[in-house]
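Each remark here refers to the structure printed beneath this line.
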Amino acid sequence: HIQPYYTDLSLRQLRAHRDAAVGHHRHADLHHPLQAAAAHPVKLRARVTVYDPAWTVLFVDDHSSGIFVFTRSLEHPMPACRPGDLVEIDGETSPGEFAPVIAAHRLTIAGHGPLPAPRNLPLDQLVSGREDSQFVEMTGVVRTMSRDDADHLVLEIVAGHERIPAFVPAIGTQQIPAGLGVDALIRVRAVVGTRFNAKRQMADIQLFIPTLEHVSVESPAAADPFPL
């Protein structure tokens, strides 16, 4: 069980700031309300949902909400985290480039356990931007699959009229699920990330999948996956 975090601005409040920002960032106004969320001290215990050292991406969830953690502000080397780790974070809030984040000063691993249950959301809510940093579950069809030079499995998943990029980090030591390939129907559990433009407006979403264990093949591809 995760201990309650304590801070003068909760993750729920940060999420409210983020939700306000999503609507605000659909317009070209750069003077958004997120400055109110800057530099509030934070001390919390939360579960790692995604850690991608190649891209310095870290998302955590305290079972009430999820948030992105900026780790380049750490005062010590980043510990070797993995999804499911319980971490203690000391830092402060920051407006981030699109929505509030936590700038970590110290981060320690306090244990390990299961990830929180993912939320299964309507597609329009999933792509709205309001679920930024949240752990979700969705089903879609693989349209493309490749491996990039940073050791990610890169998928393009089609759901409805949406084409959503998804990334699995550090796949070099992981087993590709049987039947995963172009035209496979898959179910993924992933953290939603928001992509934005130079005007800080939301462009679209992307999915960060913790590991290949969080990809389930519902209907396999017609042929074996091509070599990655």
Side-chain angles (χ1 to χ4, degrees), residues 11 14-15 18 22 46-63 65-72 78-87 89 96-104 107 112 114-121 123 125-140 142-159 162-174 176-177 180 186-196 202-217 228:
L11 294 191
L14 280 175
R15 187 171 182 181
R18 177 180 57 241
V22 168
R47 192 77 64 190
V48 173
T49 47
V50 168
Y51 177 51
D52 182 354
W55 287 350
T56 61
V57 167
L58 175 65
F59 290 98
V60 301
D61 191 297
D62 70 348
H63 287 298
S65 190
I67 198 164
F68 181 87
V69 179
F70 185 74
T71 57
R72 292 179 180 172
M78 177 68 188
C81 292
R82 59 190 173 118
D85 280 348
L86 180 63
V87 294
I89 301 171
E97 295 179 300
F98 171 76
V101 304
I102 293 174
L107 185 151
H112 187 80
L115 295 185
R119 300 170 63 207
N120 198 320
L121 302 171
L123 184 60
Q125 183 176 346
L126 184 69
V127 301
S128 68
R130 295 185 181 275
E131 301 305 320
D132 181 75
S133 304
Q134 308 311 304
F135 193 51
V136 302
E137 182 177 66
M138 68 161 290
T139 301
V142 177
R143 279 293 170 253
T144 64
M145 185 170 87
S146 62
R147 181 175 180 171
D148 69 11
D149 58 5
D151 202 28
H152 296 94
L153 180 68
V154 182
L155 303 172
E156 184 181 57
I157 303 172
V158 173
E162 302 290 339
R163 302 175 77 93
I164 303 172
F167 306 91
V168 186
I171 64 163
T173 59
Q174 301 182 59
I176 302 292
L180 179 60
I186 63 173
R187 177 169 50 87
V188 300
R189 288 160 286 160
V191 172
V192 180
T194 303
R195 302 203 292 187
F196 47 88
M202 176 187 162
D204 54 20
I205 68 161
Q206 56 193 334
L207 298 177
F208 295 95
I209 303 172
T211 70
L212 283 171
E213 294 180 358
H214 298 87
V215 178
S216 301
V217 178
L228 294 174

Evaluate the criterion side-chain contact (heavy atoms from CB on, under 4.5 Å) for residue pair V188 and H214; output intermediate values, then yes/no.
CA-CA 6 Å; V188 300; H214 298 87; over 6 Å; no

Going by heavy atoms in the side chains, are [X] and [Y] under 4.5 Å from each other?
{"X": "V50", "Y": "P210", "value": "yes"}
{"X": "Q125", "Y": "R119", "value": "yes"}
{"X": "C81", "Y": "L107", "value": "yes"}
{"X": "V87", "Y": "V69", "value": "no"}
{"X": "M138", "Y": "I164", "value": "yes"}
{"X": "P165", "Y": "R195", "value": "yes"}
{"X": "E131", "Y": "I205", "value": "no"}

Between R163 and E156 (salt bridge meaning N to carboxylate O under 4.0 Å), is one present in this structure?
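A salt bridge is present here (some side-chain N lies under 4.0 Å from a carboxylate O).
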
Please report the interatomic distance [atom1]([X]) to [atom2]([Y]), rounded to the nearest 0.5 Å.
{"X": "I157", "Y": "I209", "atom1": "CD1", "atom2": "CD1", "value": "5.0 Å"}
{"X": "R130", "Y": "L121", "atom1": "CZ", "atom2": "CG", "value": "13.0 Å"}
{"X": "Q174", "Y": "D151", "atom1": "CD", "atom2": "CG", "value": "8.5 Å"}
{"X": "D61", "Y": "R47", "atom1": "CG", "atom2": "CZ", "value": "10.0 Å"}
{"X": "L58", "Y": "F70", "atom1": "CG", "atom2": "CZ", "value": "12.0 Å"}
{"X": "F208", "Y": "W55", "atom1": "CZ", "atom2": "CH2", "value": "6.5 Å"}

Before giving the answer on side-chain contact (heavy atoms from CB on, under 4.5 Å), spell out for I67 and V60 the whole-Å C-alpha distance, their side-chain angles and the decisive distance to 0.1 Å.
CA-CA 6 Å; I67 198 164; V60 301; 3.9 Å; yes

V191 vs L207, test: side-chain contact (heavy atoms from CB on, under 4.5 Å). Steps then yes/no.
CA-CA 6 Å; V191 172; L207 298 177; over 6 Å; no

To check you understand the geometry: which heavy-atom pair defines the closest contact between T139 and A159, and what is its length?
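Result for this residue pair: O-CB, 3.8 Å.
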
Ignoring hydrogens and geometry, is there a side-chain-to-backbone donor-acceptor pair from D85 to R82 under 3.5 Å?
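Yes: the side chain of D85 pairs with the backbone of R82.
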
Between the side chain of R189 and the main-chain N/O of A117, is any donor-acceptor distance below 3.5 Å?
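It does not hold such a pair.
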
Could you tell me which residues satisfy side chain to side chain donor-acceptor pair (under 3.5 Å) with T56, sequence neighbours excluded, listed by chain and number?
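Here the qualifying residues are R72.
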
Identify, with sequence neighbours excluded, every residue that meets side chain to side chain donor-acceptor pair (under 3.5 Å) alongside H152.
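Side chain to side chain donor-acceptor pair (under 3.5 Å) check on H152 returns D52, D148.
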
